[in-house]
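Here is the naming used below: chain letters follow the sequence lines, and residue numbers restart at 1 for every chain. Note that these values count all heavy atoms, side chains included, but never hydrogens, waters or copies made by symmetry.
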Number of protein chains: 2
Amino acid sequence: MNIDKKKRLERSGWTAGGAADFLELTPEEASFIELKLALATGIREVRHRSGLTQTEVAARLGSSQSRVAKMEAGDRSVSLDLLVKSMLRIGASPTVIAKWIRRAETNRAV
Amino acid sequence: MNIDKKKRLERSGWTAGGAADFLELTPEEASFIELKLALATGIREVRHRSGLTQTEVAARLGSSQSRVAKMEAGDRSVSLDLLVKSMLRIGASPTVIAKWIRRAETNRAV
DNA sequence: AATCGCTATGTCCAGTATGACATATATCGA
DNA sequence: TCGATATATGTCATACTGGACATAGCGATT
């Protein structure tokens with residue numbers, strides 16, 4: 001796991017256990033978080049490709065800019081449901097979503 | 001959409017709008033439901049392959065038999081988070097999960 | 001340095017998800 | 001039929017989610 005991802009996890013409030021040692025994660029927990037982060041990245045990518053701002057995407061989703069920011073950050077308060085529903089709404093197909101999820105597996109840079 | 005799926009949706013409490021006419025779904029809503037049902041099927045498949053009962057899976061998940069039943073039924077009260085976390089816990093990789101999600105797209109039997 | 005456009009972060013509370021439990025239904029063997 | 005095992009359904013208390021709002025950071029332009 002690289003440094004950027006570590007920071008990203010910490011910022012997002014992912015401190016498994018209690019200590020700052022977020023490596024106290026079971027493999028499944030780790031996979032789940034990777035998966036969420038992969039989708040978060042996917043949302044940002046799709047948005048960038050469309051040349052939209054977070055505010056514009058929020059309008060299309062019937063949500064708020066802050067929530068979109070949290071989605072893209074993989075915030076603890078963002079569910080998979082929200083991420084997937086949002087991706088579908090901004091035009092991603094299930095296949096595209098699946099692609100991002102698969103990326104969660106190969107991304108494992110130890 | 002075939003008859004079985006229709007019944008399954010109705011049983012699961014998916015009556016978009018208010019009328020029994022659940023076809024009042026936007027394409028994204030439909031995709032999302034298909035996606036959930038695909039994962040629900042995936043969970044059941046993985047469980048069957050392992051020769052486990054719902055009760056046994058529940059124990060492994062730290063959940064209850066009733067919740068596992070609801071997961072496999074694609075119940076309204078079951079989130080994607082729960083479905084995905086559960087699949088990971090019973091041994092499915094992100095790639096396998098992605099496979100089931102892709103299936104949600106090709107399953108569209110009109 | 002002031003303003004502007006975009007993004008990030010923190011908080012609130014109404015609405016939702018979930019484990020637990022009770023109970024119902026289904027299938028099978030004795 | 002009875003009992004046993006597996007699955008389905010309904011409900012509740014509690015924990016979590018998500019839109020909304022406020023505000024802060026941050027680079028670019030003037």
| task | Using only side-chain N and O atoms of B/Ser79, determine if any of them is under 4.0 Å from OP1 or OP2 of C/dT18. | result | yes

| From CA spacing to verdict: side chain to side chain contact (heavy atoms under 4.5 Å, CB included), B/Val57, B/Arg89 | CA-CA 9 Å; B/Val57 167; B/Arg89 281 202 126 190; over 6 Å; no

| request: Could you tell me the separation between the CG atom of B/Leu83 and the C1' atom of C/dT18, rounded to a whole number of Å? | output: 12 Å

| query | Rounding to a whole Å, what distance do you find between B/Leu80:CG and C/dT16:P? | reply | 17 Å

| message | A/Gln65 vs A/Thr55, test: side-chain hydrogen bond (donor to acceptor under 3.5 Å, both in side chains). Steps then yes/no. | response | CA-CA 5 Å; A/Gln65 177 269 323; A/Thr55 304; 5.5 Å; no

| query | CD of B/Glu72 versus C1' of D/dA8: gap in Å, rounded? | reply | 11 Å

| query | In whole angstroms, how far is the C1' atom of C/dT16 from the CG atom of A/Asp81? | reply | 10 Å

| Under 3.5 Å: donor-acceptor pair, side chain of A/Lys36, backbone of A/Val78 | yes

| request: Would you check if A/Met71 and A/Ser86 make a side-chain contact, meaning some heavy-atom pair closer than 4.5 Å? | output: yes

| query | So, A/Glu105 side chain and A/Arg102 main chain: donor-acceptor pair closer than 3.5 Å or not? | reply | no

| query | Expressed in angstrom and rounded to an integer, what is the separation of B/Lys85 atom NZ from C/dG19 atom C1'? | reply | 13 Å

| query | In whole Å, what is the span from the CG atom of A/Leu82 to the C1' atom of C/dT16? | reply | 13 Å

| query | What nucleotide among C/dG19, D/dT17, C/dT7 has an atom nearest to a side-chain atom of A/Thr55? | reply | C/dT7

| query | Nearest of C/dA8, D/dA8, D/dG19 to any side-chain atom of B/Gln54? | reply | D/dA8

| message | Please report the distance, rounded to the nearest Å, between CE in A/Met71 and P in C/dC6. | response | 18 Å

| query | Do A/Leu80 and A/Leu35 have side-chain heavy atoms sitting under 4.5 Å apart? | reply | yes

| Where at least one partner belongs to residues 38-56 of chain B, residue pairs that pass salt bridge (charged side-chain N to carboxylate O under 4.0 Å, His left out), sequence neighbours excluded | B/Arg44-B/Glu72, B/Glu45-B/Arg49, B/Arg47-B/Glu72

| A/Arg47 vs C/dT7: side-chain N/O to OP1/OP2 distance below 4.0 Å | yes

| Of the nucleotides C/dT7, D/dA6, C/dT18, which one has an atom closest to the side chain of B/Thr53? | D/dA6

| task | Send over the distance from B/Asp75 CG to C/dT18 C1', rounded to a whole Å. | result | 11 Å

| query | Under a 4.5 Å cut-off applied to non-hydrogen side-chain atoms, are A/Pro94 and B/Glu34 in contact? | reply | no

Give each protein N/O atom lying under 3.5 Å from an N/O atom of nucleotides 13-15 of chain D, with the pair distance.
none

| message | Is it the case that the base of D/dG19 and the side chain of A/Lys70 share a donor-acceptor contact (distance under 3.5 Å, atom types as modelled)? | response | no

| request: State, with a plain yes or no, whether a side-chain heavy atom of B/Gln54 is found less than 4.5 Å away from one of B/Ser66. | output: no

| request: Go through residues 60-69 of chain B and report each residue with a non-hydrogen atom lying under 4.0 Å from DNA chain D, sorted by number. | output: B/Gln65, B/Ser66, B/Ala69

